[in-house]
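Take a look at the structure set out below.
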Amino acid sequence: MTEKISLQLAIVLPGVPDERDACIRRLIDVLQAQGLEKVHVTQQDGKSLLCLHYEPTTISPPQVREMAQAAGAQLSARYQHELMRIDGMDCATCATVIEHALQRLEGVEEAAVSYAAERMRLEYDSQRVSRQAIVQRLQALGYSVREPEHEETWLEQYRELIVSALAGALLLAGWLVSMRQGAGASLLSVGLMGASMVIGGYYAMRDAWQSIRERVLDIDVLMIVAAMGAAALGQWAEGALLLVLFSLGHALEHLAMDRARHAMEALANLAPKTALVLRDGAERELPVEDLQRGDQVLVKPGQRIAADGKVLEGISAVNQSAITGESMPVDKMVDSLVFAGTVNGEGLLRVQVTKLAKDSSLARMVHMVAEAQTEKSPTQRFVSRFEKVFVPLVLLGVAALIVIPPLLGMPFAESFYRAMAVLVAASPCALAIATPSAVLAGVARAARGGVLIKGGMHLENLRTLSVMAFDKTGTITTGKPSVTDVIALHGSEADLLTLAASVESRSGHPLAQAVVQAARSRQVAWPEATDVQSVTGKGMHAVVSGVRVSIGNLRLFEAEGVPDSVRQQVLDLEEIGKTTMLVRREGTFVGVLALADTTRAGMHEVFVKLASLGIRETVMLTGDNEPVAKAVAASVGITDVRAGLLPEDKLKVIDELMRDHRQVAMVGDGVNDAPAMARATVGIAMGGAGTDVALETADVALMGDDLSRLPFAISLSRASHAIIQQNLWAAFGVVALLIPATLLGLASMGLAVLIHEGATVLVVLNALRLLRFRDTDALN
Ligand SMILES: Nc1ncnc2c1ncn2[C@@H]1O[C@H](COP(=O)(O)OP(=O)(O)OP(=O)(O)O)[C@@H](O)[C@H]1O
Ligand SMILES: [Zn+2]
């Protein structure tokens, strides 16, 4: 017989971003090679556990644990994960170039680059390749890694714009000189225009060179070929204009994209740089990086809070809009959680630091958004697939355009020039940037509104939901029930509470805690229970002072049966919307406890808004009894109820809903609904700022502790979709118009470049509109 133990994956493999990571496969292989029977990952309470099966006769549990930890430590030291910021990418193909180049580098396990976010997700084997070697490879390709502390200077930010303006000035000068005619002047004007081409084409040339070396043909190559073609035909002004416009277009595009990126960085800067720390009885101002867990910091009225922590002293209303998007201040008192970057109200707070500055909710949110922006959305994938077919077709067509007309008698110069114009017209630059720019802006806007969307896919999926399932306890209700009725059938109420509390004090379930609380408030003392056995979704069995005690709902006693009189008591209580527990001592039912939970404030408004957004069906899933579920559902406006569910039933309901409706969201608090959330199209967790699991396991996390931002998230997703559609139509439209126009010689190359670059900039500016999306735009 084998036995098994479970360890928390996050402890064995710290720093591994998610369960899909390759390190987990490696860990499993290593451990199985070392003689464990079987190793696999399971989920429990939203945490990933590593389950280790072993042969107890050959190895002891501490040895197994040690083995796992040693292997984990070795792997985490060896395989490094990093999110790098990359400077110098000029177009979407640069991202592909980097990915190809790095993936060919020995020891690089994964390199995923987002052009829009200027970021790269990197995983590498530090025994085979050093970080330095990777950075050097990037630099050799003409890109640089921006280390986190680096602030962009004014000059760096506008460098491209300055270069293109300079090229433009030279072109203008050359043109003015050529107007004056004269032989010397013409030489001078050619010189000036040549200089303009060199300067205006600097970045394009650099990127084109890199692309050619990586055997990728991109827009930079096309532009350089076209400009040199024009120059070779003696069309200096045309060639220079092309490069000036091209570089100007790119400079503007980059400036616009920077705005979307800075929207997130501005958020990160909300947290103060220093904090007022109480150490050794004195107040000292320290940089937040020096704060330790357990430090006490003072937060004065009106100040921004410097660290995530727990209030030790003081009462105040805190504006948490920076994190939750909700501008109504939240009351804080002793034991409340507060978050870095939020604004203290009128009270003085003494706060115990619970998280290091780099792990604060705000810092993690900014990091996760950056990571989300590197994930490709389905539309983006579709566009990439399209480009793979489209670009070679264009090149073939252009080659034909150069070769065939001269055979029919057209001068070569003319056919070449026209082919170049067609090439520019058909370059899908606007198409490539249409979706990523909108995703970038949409994800950033969502984060500023307190909604963390972990990737373009989820941003797009939110839009198409027609059914949403909600967990009841903790999501629709506060999840803090209290005991309302104590009905003793044999003996006193105190005896009943003693038995109940004795058993329930061994459970972490919110209902159990409510029972313990009730016993405590009546000053009941209870003996220690033994042989405790918890039955998921039903209740508990245990032994108290030598007698067997069971406590739970009707389902727990189904097998042995419940006397009709007792059952009737229970049903009567449930009829008026209460959660019930029966208590049985040996064979006798000794009492019934009734509990009630309160519905969260503002839920009704949320469901009204969801309905008006076209979410036709809302379903509440709960392990609680049907009358309670129906009462809660009716009071908030939920259309459908599935009650009496065991945790695994919740998964089945999600499957069933997905069969009928395809796109289904599961909304929960992330604590014990993680499996259902993972199964649904979109898993939405609330309370992202307070609970780490919610933040980690969900596809979409509402940072605040209620659902009020849900309609905002959905309407933002719709707005993003609308903008993506507009962008794609505009991009396709321009290509569709320009190709025939250049083919027929109606549009010159200069005009083609102007329109082409104009469309690209326009598409990005259109995407930026999402940054200004307002809640009030939500309902239309
Ligand atoms: N420790 C316990 N003591 C008594 N009854 C329990 C206990 N644990 C669970 N139950 C019973 O099982 C039911 C379902 O519990 P479960 O934990 O599956 O759902 P829940 O968290 O209460 O509600 P929801 O499904 O809405 O999140 C409870 O309503 C209760 O009747
Ligand atoms: Zn197992």
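In listed order, ligands and their atoms are each counted from 1. If you read the sequence from its start, that first residue is 1, and numbering goes on from there.
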Asp705 with Arg600: basic N within carboxylate O range, under 4.0 Å = yes
Quick one: does Gly623 get an N or O within less than 3.5 Å of an N or O on ligand 1?
-> yes
Of the protein's non-hydrogen atoms, which lies at the shortest distance from atom 1 (N) of ligand 1, and what is that distance?
-> Glu504 OE1, 3.1 Å
Does a donor on one side chain sit under 3.5 Å from an acceptor on the other, for Gln568 and Asp572?
-> yes
Which residue and non-hydrogen atom of the protein lie closest to atom 18 (O) of ligand 1, and at what distance in Å?
-> Gly537 CA, 3.5 Å
Is the backbone of Arg616 close enough, under 3.5 Å, to the side chain of Ser466 for a donor and an acceptor to pair up by distance?
-> no
Would you call the rings of Phe712 and Phe773 parallel, tilted or perpendicular, where under 30° means parallel and over 60° means perpendicular?
-> tilted
Positive for side-chain contact (heavy atoms from CB on, under 4.5 Å) with Ile714, one of Ile684, Thr464, Ile615, Val451 = Ile615
Does an N or O anywhere in Ile551 fall below 3.5 Å from an N or O of ligand 1?
-> no
How would you list, by chain and number, every residue that makes a salt bridge (charged side-chain N to carboxylate O under 4.0 Å, His left out) with Arg709, sequence neighbours excluded?
-> Asp775
Closest to atom 7 (C) of ligand 1 among protein heavy atoms sits Gly539 CA, 3.8 Å
May I ask you to list the atoms of ligand 1 that are less than 4.0 angstrom from any heavy atom of Gly552?
-> 4 (C), 5 (N)
Looking only at non-hydrogen atoms, find the nearest pair between Val443 and Ile453 and report the distance.
-> CG1-O, 3.8 Å
Electrostatic pair Arg679:Asp655 at N-O distance under 4.0 angstrom | yes
How long is the gap from CG on Leu554 to CG on Leu571, to the nearest 0.5 Å?
-> 6.0 Å
Can you sort out which atoms of ligand 1 are near Lys650, meaning under 4.0 Å from one of its heavy atoms?
-> 24 (P), 25 (O), 27 (O)
Does an N or O from Arg555, backbone or side chain, lie closer than 3.5 Å to an N or O of ligand 1?
-> no
Enumerated ligand 1 atoms positioned under 4.0 Å from heavy atoms of Ser507 | 1 (N)
Atom 31 (O) of ligand 1: which protein heavy atom is closest, and how many Å away?
-> Asn553 ND2, 3.1 Å
What atoms of ligand 1 come within less than 4.0 Å of a heavy atom belonging to Met581?
-> 3 (N), 4 (C)
Closest protein heavy atom to atom 24 (P) of ligand 1, given as residue, atom name and distance to 0.1 Å | Thr473 OG1, 3.3 Å
Considering only heavy atoms, does Asn625 approach ligand 1 within less than 4.0 Å through its side chain, its backbone, both, or neither?
-> neither
What's the shortest distance from atom 30 (C) of ligand 1 to any protein heavy atom, and which residue and atom give it?
-> Leu511 CD1, 3.5 Å
Closest to atom 6 (C) of ligand 1 among Gln513, Lys538, Lys472 (heavy-atom distance) = Lys538
Give a yes/no verdict on whether any heavy atom in Met620 is under 4.0 Å from an atom of ligand 1.
-> no
How close does the nearest protein non-hydrogen atom get to atom 17 (O) of ligand 1, and which residue and atom is it?
-> His509 NE2, 2.6 Å
Distance-only criterion, 3.5 Å: show the donor-acceptor pairs between side-chain atoms of residues 510-525 and protein atoms not counting sequence neighbours.
residue, atom, partner, partner atom, Å
Gln513, NE2, Gly508, O, 3.3
Ser521, OG, Ala518, O, 2.9
Arg522, NH1, Glu493, OE1, 3.4

Between Asp649 and Lys652, is the closest basic N to carboxylate O distance under 4.0 Å?
-> yes
